Amino acid sequence: MKPSFLPSLLAADPGRLESEIARAARAGADAMHLDVMDGVFVPNVSFGPWAVALCRRAAPDLPRNVHLMLRDPAPHLEAFAKAGATSILVHAESCCDVAAALRRVRALGCRAGLVLNPRTPVSAAERYLPLCDGILRMTVYPGFGGQAFMPDALAGLPELRAAAPDLPIMVDGGIDASTLPLAARAGANEFVAGSALYGAPSFETALASLRDAWRSAFC
Ligand code: DX5
Ligand code: ZN
């Protein structure tokens, strides 16, 4: 499957988000990944719908991939859709009717994604597959950027890829040029990267090395 590369805005310089977004678009990123945290579902607080609107203004053609780390995402789906989300991703571990939330995301005109924490069995996604447009497998426990990649989080992905050859499978957390090939060989084709891109001396060079890492995974 064609790979996609999504910079995570969490790792950008918070003092100049608009230019950080524009930089990602210029470098050829496939979408911007926006991490939304409520301080309850994860021990950190980050962006609200304003960040999605900012992203739309700074780079209108760059899709906005919104990862909701909220105890109950249901009351917030509409606000994120109205702010310009292209995809909205809901955790399977959220305290809400997950199937209803995925249906609502689609009804709001966005692509729906289901997120699984590193040790939630991949089989937990099965019942939701008809309701979602992709799966996001966390390769760290969510809450913070810059954490170490968890290789054991890849368990179950090869089986999911075999069962669903056309399903977009995203990974998020600790992705860099050395860990990306492991995730790619396990079946992932969409890669979120925060520190590996925004923490690099050159965003463009770092994105090119992720692309090279994808190609090298299958050599
Ligand atoms: C973690 C977030 C990630 C994070 C990734 O809760 O979901 O998107 O920003 O950052 P890195 O690539 O630095 O692990
Ligand atoms: Zn994320």
Side-chain angles (χ1 to χ4, degrees), residues 3-14 17 20-21 23-24 27 29-49 51-52 55 62-71 73 76 80 85-94 105 110-120 132-154 168-184 188-201 203 205-207 209-211 213-214:
S4 297
F5 302 92
L6 298 87
S8 170
L9 195 62
L10 196 63
D13 180 345
L17 289 179
E20 294 280 69
I21 293 162
R23 181 153 76 122
D30 294 286
M32 181 58 68
H33 181 81
L34 295 113
D35 289 303
V36 177
M37 306 177 183
D38 65 358
V40 179
F41 185 74
V42 291
N44 195 6
V45 177
S46 62
F47 308 129
V52 181
C55 189
L62 187 65
R64 296 158 291 273
N65 178 263
V66 179
H67 174 192
L68 296 182
M69 286 159 272
L70 304 177
R71 183 177 180 279
H76 303 284
F80 283 99
T86 313
S87 329
I88 299 182
L89 288 64
V90 172
H91 268 264
E93 304 84 4
S94 306
V105 169
C110 302
R111 291 169 61 85
L114 178 75
V115 193
L116 300 173
N117 272 339
R119 294 202 172 99
T120 298
C132 62
D133 303 296
I135 296 291
L136 166 54
R137 176 55 148 187
M138 293 306 300
T139 41
V140 299
Y141 271 98
F144 299 93
Q147 302 183 76
F149 177 80
M150 296 170 60
D152 58 344
L154 301 177
I169 301 179
M170 186 179 292
V171 283
D172 179 12
I175 299 297
D176 61 21
S178 66
T179 57
L180 186 147
L182 304 174
N189 68 300
E190 299 187 332
F191 305 94
V192 176
S195 17
L197 292 174
Y198 282 112
F203 189 103
T205 307
L207 186 56
S209 31
L210 293 185
R211 291 190 194 283
W214 161 265

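One-based numbering, in listed order, for ligands and for the atoms of each. No experiment lies behind these values; they were computed from the predicted model shown.
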Between His91 and Thr120, is there a side-chain heavy-atom distance shorter than 4.5 Å? no

With sequence neighbours excluded, what pairs up with Arg211 under the side-chain contact (heavy atoms from CB on, under 4.5 Å) test? Phe5, Asp30, Leu207, Arg215

side-chain contact (heavy atoms from CB on, under 4.5 Å) involving Ser87 - partner list, sequence neighbours excluded: Asn65, Leu89, Arg111

For ligand 1, which of its N or O atoms have a protein N or O partner closer than 3.5 Å, and how long is each gap?
{"from": "ligand 1", "atom 1": "6 (O)", "to": "Gly143", "atom 2": "N", "distance (Å)": "2.7"}
{"from": "ligand 1", "atom 1": "7 (O)", "to": "Asp35", "atom 2": "OD1", "distance (Å)": "2.9"}
{"from": "ligand 1", "atom 1": "7 (O)", "to": "His67", "atom 2": "ND1", "distance (Å)": "3.3"}
{"from": "ligand 1", "atom 1": "7 (O)", "to": "Asp172", "atom 2": "OD2", "distance (Å)": "2.9"}
{"from": "ligand 1", "atom 1": "8 (O)", "to": "His33", "atom 2": "NE2", "distance (Å)": "3.4"}
{"from": "ligand 1", "atom 1": "8 (O)", "to": "Asp35", "atom 2": "OD1", "distance (Å)": "3.1"}
{"from": "ligand 1", "atom 1": "8 (O)", "to": "Asp35", "atom 2": "OD2", "distance (Å)": "2.8"}
{"from": "ligand 1", "atom 1": "8 (O)", "to": "Asp172", "atom 2": "OD1", "distance (Å)": "2.7"}
{"from": "ligand 1", "atom 1": "8 (O)", "to": "Asp172", "atom 2": "OD2", "distance (Å)": "3.0"}
{"from": "ligand 1", "atom 1": "9 (O)", "to": "Ser8", "atom 2": "OG", "distance (Å)": "2.8"}
{"from": "ligand 1", "atom 1": "9 (O)", "to": "Asp35", "atom 2": "OD2", "distance (Å)": "3.1"}
{"from": "ligand 1", "atom 1": "12 (O)", "to": "Gly194", "atom 2": "N", "distance (Å)": "2.8"}
{"from": "ligand 1", "atom 1": "13 (O)", "to": "Gly146", "atom 2": "N", "distance (Å)": "2.8"}
{"from": "ligand 1", "atom 1": "13 (O)", "to": "Ser195", "atom 2": "N", "distance (Å)": "3.0"}
{"from": "ligand 1", "atom 1": "13 (O)", "to": "Ser195", "atom 2": "OG", "distance (Å)": "2.3"}
{"from": "ligand 1", "atom 1": "14 (O)", "to": "Gly174", "atom 2": "N", "distance (Å)": "2.8"}

What protein N, O or S atoms come within a distance below 2.8 Å of the Zn ion (ligand 2), ordered by chain and number? His33 NE2, Asp35 OD1, His67 ND1, Asp172 OD2

With Phe149 as partner, the option from Val171, Val140, Thr179 fulfilling side-chain contact (heavy atoms from CB on, under 4.5 Å) is Thr179

Heavy-atom side-chain proximity of Phe80 to Pro73 below 4.5 angstrom: no

Under 3.5 Å: donor-acceptor pair, side chain of Asp35, backbone of His67: no

Would you say Phe191 and Leu210 make side-chain contact, with heavy atoms under 4.5 Å? no

Answer with yes or no whether the side chains of Ser8 and Asp172 bring together a donor and an acceptor at under 3.5 Å. no

Looking at Arg137 and Pro118, would you say the former's side chain and the latter's main chain have a donor-acceptor pair under 3.5 Å? yes

